Amino acid sequence: MTNAYRTSGFVVSRDNNNKAEKMSHMLIEDTRPVLKAGMGMAASILKPHFLFIAVLFCFRASFSQTLQVNDLGYFETPGVNVLVFSNQYNGFFFDEKTAGIELIHHGVRTATGGAVRLQNTPEQWDLVPAVVDRKVDKKNNVIEVTLRYKEFDFDSRIRVAAKDKGVEIDVFLDKPLPEKLEGHAGFNLEFLPAAYFEKSYLADGKPANFPLYPSGDTVVKPSAQKIAQFAGHSTFDDRGKGEFILPLPLATGKTIALAPEDPERFVLIRSADEILSLYDGRNLAQNGWYIVRSLIPAKKSGLVLTWYLQANAVPNWKRAPVIGFSQVGYRPNQHKVAVIELDKNDTPLAKATVYQVTPDGKPVAMFTANVQPWGRFLRYQYFKFDFTPVQDSGLYFIQYGQQKTNSFPIGTEVYRNIWHPTLDVWFPVQMDHMKVNEAYRTWHGVPYLDDALQAPLNQQHFDGYTMGATTGTKYKPLERIPGLTVGGWFDAGDFDIQTDSHCAAILSFVDAWENFALDRDETYIDQDTRYVDIHRPDGKPDILQQIEHGTLNLAAQVKNIGFPVRGIVVPKLHLYHHLGDASTITDNLPYNPALKPYESDGQSSGTMDDRWVFTERTAWTDYHTVAALAAAHRALLNFNRPLAEECLTLARTLWEEDNQLFKGPDTSRWAAWFGGNVKLMASLQLFLSTKDETYGRLFKESIWPELDRALPYSISTALRAWPYMDDAYRVRLKDYVVKYKEYMDGLAKENPYGVPMISRGWGGNSMIVRWAIDNYYAHKAYPEIIDSEYIYKGLNYIMGCHPYSNMSFVSSVGTVSKKITYGNNRADFRFIAGGIVPGLLLLQPDFPENKDDWPFLWGENECVLDNCAEYIFLGRAVNELKN
Ligand SMILES: [Ca+2]
Ligand SMILES: [Ca+2]
Ligand SMILES: [Ca+2]
């Protein structure tokens with residue numbers, strides 16, 4: 001996914017929290033438990049198979065409570081929430097599997113995408129409906145939405161009403177279906193495969209298991225019969241055959257019971273008239289879900305479809321407590337505060353205990369203390385357990401009631417290695433234009449030897465790139481731009497080169513090099529033969545080799561194009577969603593229009609798969625690149641002097657040109673999104689590399705108004721300059737650091753973790769890592785204002801002291817960490833060691849989520865370049881703090 005949306009966001013405001021809090025008290029009073037055995041009801045639903053099901057129900061399940069629309073606008077009973085477009089399709093990346101009618105079932109979001117859809121198994125880039133109207137009728141327990149497909153001038157109305165122990169879903173049409181949508185439009189509800197793996201279903205009583213791996217039946221149909229994907233893009237490579245794949249149902253019936261054997265996952269769907277079909281969306285796309293669907297009948301209007309949906313609620317269900325703590329442990333002198341997350345209906349216990357695990361394997365109770373209430377945040381209640389007095393080096397776990405955490409260490413050296421996997425493994429695997437090997441495994445061959453073509457005009461690319469009416473370069477549309485098959489990293493879980501995230505990563509690496517002389521060498525990198533070998537020292541510091549690798553691509557852009565571009569990315573959607581070895585995305589042969597598609601003469605090919613260079617030019621990317629090249633100059637001076645000199649020359653030239661080109665303030669979307677001022681950053685980096693007061697004066701004049709304008713963004717640049725500035729600067733900056741502390745303390749009071757949690761379409765970990773890094777610089781310069789706990793708090797959060805689970809957000813760092821992430825190996829349900837995920841996604845109105853059994857939600861689990869580089873800095877920085 002593209003970087004642009006990663007840092008845009010909003011802070012969960014105090015008002016929202018308070019509202020949620022008031023709300024929940026009300027709910028506790030309002031919800032009168034109605035505990036009855038559900039057999040009678042179930043039997044009436046499942047008449048034809050009464051005996052079989054009745055036996056199951058007697059022993060396993062009990063539909064207990066009725067659903068009520070709450071003040072937050074969703075249906076609720078303990079254990080079951082039905083959301084009706086509390087979350088809408090936001091248009092960033094189309095179907096993000098976070099919108100429509102959704103189920104939160106015993107604490108887990110297990111269903112999404114309940115809506116009128118145009119495919120059996122909608123993919124990410126299939127059309128999604130817009131919500132044109134949404135009405136919540138709390139009094140009558142009804143939520144109603146009107147959905148619109150503007151492409152077909154097609155509206156539908158969905159009415160969801162509490163009924164019996166579930167909801168009735170009615171679909172209304174004012175006019176019959178447009179002819180084009182007959183046989184296509186249906187009502188869908190998607191179920192999370194991971195929630196139903198190793199479970200079963202009954203379709204009209206006929207038993208079967210959910211497939212662990214997709215192997216359903218499909219048929220091939222002519223393209224003319226397909227409802228096109230957004231903006232004419234296609235996820236499917238039909239090899240010129242003019243066809244598409246249609247998945248067939250796994251099962252059909254009027255009643256489908258999903259996981260009737262599991263009270264926490266049991267969902268019953270009954271259709272009044274139309275057949276229900278169960279599909280496996282993964283036959284078309286690895287990120288597909290299981291889908292239950294009924295086609296909307298043709299030529300009918302008014303009420304066209306009725307479902308009854310009942311999600312079993314376990315009587316008196318309460319979510320198990322989550323004990324948030326640092327999976328890498330603590331240093332002896334640190335504050336140690338676990339945050340206990342409880343179901344709002346749970347009764348808190350008075351105390352928690354820390355046990356030491358001794359060498360003879362016996363737990364010894366070391367410390368017991370009261371848990372302190374913090375209050376409500378979103379849908380949970382929070383308590384803190386402070387075990388700071390535990391200081392002896394050793395292995396520990398925390399026990400709260402029946403809940404025991406896994407073990408974690410306390411010791412002076414606990415942070416020594418925490419950044420190693422990111423530098424040793426994650427970054428090497430992301431290296432573009434190189435073969436990457438690790439012991440017996442090859443991560444990928446040499447990719448993109450056919451880079452790259454000037455992007456054609458007037459493009460709206462699916463990964464956020466755009467091209468306007470001119471190229472702005474000396475190249476014609478689709479002309480080859482030479483010199484670009486060098487350096488660079490894959491942006492994230494996808495394989496494009498994003499120039500701005502390169503600049504951020506390089507700047508962060510240079511910071512790490514200059515602050516910590518970080519000379520770890522565990523990677524062999526040879527540019528001449530394009531070969532990388534993990535866990536193999538080559539006598540050269542890896543961080544300098546990585547700075548070199550990123551800089552090679554930046555410099556190539558500026559040299560060959562004249563300026564840094566927005567990015568370099570595959571032209572077609574069916575290439576973009578690639579999963580597997582990066583060297584097989586394109587054919588690695590330059591495109592030759594004289595040949596036919598899929599034809600090759602051994603030197604070139606007729607397949608248009610070469611990446612396109614999106615040559616949008618902005619002040620933001622230009623100055624960002626100046627800053628990165630100027631910084632790289634210093635780091636590379638004694639490592640690759642010719643490249644270092646070239647970097648500085650390119651940076652100075654670009655700076656002069658930019659000052660002519662971009663005279664006014666930066667009003668680009670980048671400046672708006674990121675709030676900062678990269679020109680300031682560029683002037684500082686040029687000053688540090690040249691000691692030329694022309695740059696220095698500009699920085700010193702501009703920094704103060706910038707701090708007044710946008711303190712939270714500018715403080716990081718101001719603090720990075722601190723070691724190189726005079727006393728007057730340091731005295732003046734002190735007042736801003738005091739203000740910064742007040743601002744950050746305010747944000748941190750919003751939640752029990754004391755860190756700025758921000759989320760909109762993308763989890764907030766990048767913000768938290770940057771916050772902790774800024775606090776590190778502030779602590780170094782002004783320890784009397786910012787103490788080291790401001791850094792540890794950020795790290796603890798990333799390492800497991802956060803909502804939803806207590807997993808470390810960095811794969812392979814800490815006792816328990818993310819084992820499933822949205823890396824390029826996500827289809828294998830695996831991770832790339834050292835990747836840091838975005839973290840908690842806030843689903844409206846009150847559900848923070850970070851799935852640990854499903855890698856495909858990028859906003860929760862996609863590791864990205866700039867944040868991984870910043871994590872290395874933070875992981876190394878905490879080792880500098882006093883023990
Ligand atoms: Ca991307
Ligand atoms: Ca090395
Ligand atoms: Ca090619």
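Atoms within each ligand, like the ligands themselves, are counted from 1 in listed order. Bear in mind the structure is a predicted one, so any value in this text is a computation, not a measurement.
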The Ca ion (ligand 2) to nearest N/O/S of Asp521 below 3.0 Å: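 Checking the Ca ion (ligand 2) against Asp521, an N, O or S atom does fall under 3.0 Å.
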Closest approach to the Ca ion (ligand 2) by Asp538, given as the N, O or S atom name: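 Asp538's closest N, O or S atom to the Ca ion (ligand 2) is named OD1.
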Which N, O or S atom of Asp542 lies nearest to the Ca ion (ligand 2), by name: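 It is OD1, the N, O or S atom of Asp542 closest to the Ca ion (ligand 2).
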Distance-only donor-acceptor check, side chains Glu862 and Trp762, under 3.5 Å: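 No.
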Modelled atom types, side-chain donor and acceptor of Arg480 and Gln454, under 3.5 Å: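 Result is no, nothing qualifies.
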Side-chain donor or acceptor of His633 paired with backbone N/O of Ala644 under 3.5 Å: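 At least one qualifying donor-acceptor pair exists.
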Within-3.0 Å protein N/O/S contacts of the Ca ion (ligand 3):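 Listed by chain and number, the nearby protein N, O or S atoms are Asp450 OD2, Asp587 OD1, Leu589 O, Asp609 OD1, Asp610 OD1.
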Ring centre gap for Phe94 and Tyr89 strictly below 6.0 Å: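 Judged by ring-centre distance (under 6.0 Å), Phe94 and Tyr89 do not meet the cut-off.
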Presence of salt bridge, Asp609 and Lys572, under 4.0 angstrom: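 Asp609 and Lys572: not salt-bridged.
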Considering only N, O or S atoms of Asp463, the one closest to the Ca ion (ligand 1):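 That would be atom OD2.
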The Ca ion (ligand 1) - closest N/O/S atom in Asp491: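 Closest to the Ca ion (ligand 1) among those atoms: OD2.
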Vertex the Ca ion (ligand 1), arms to Asp494 OD1 and Asp496 OD1, rounded to 10°: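 Result: 70°, to 10°.
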Nearest non-hydrogen partners of Thr621 and Pro564, listed with the distance: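 The answer is O-CG, 3.7 Å.
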Lys851, NZ: over 12 other non-hydrogen atoms inside 6.0 angstrom: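 Enclosed: over 12 neighbouring heavy atoms sit under 6.0 Å from NZ of Lys851.
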Side chain to side chain contact (heavy atoms under 4.5 Å, CB included) between Glu190 and Thr121, worked out: CA-CA 9 Å; Glu190 310 198 0; Thr121 66; over 6 Å; no
Where the Ca ion (ligand 2) is the vertex, angle from Gln545 OE1 to Lys540 O to 10°: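 The O/OE1 angle about the Ca ion (ligand 2) sits at 80°.
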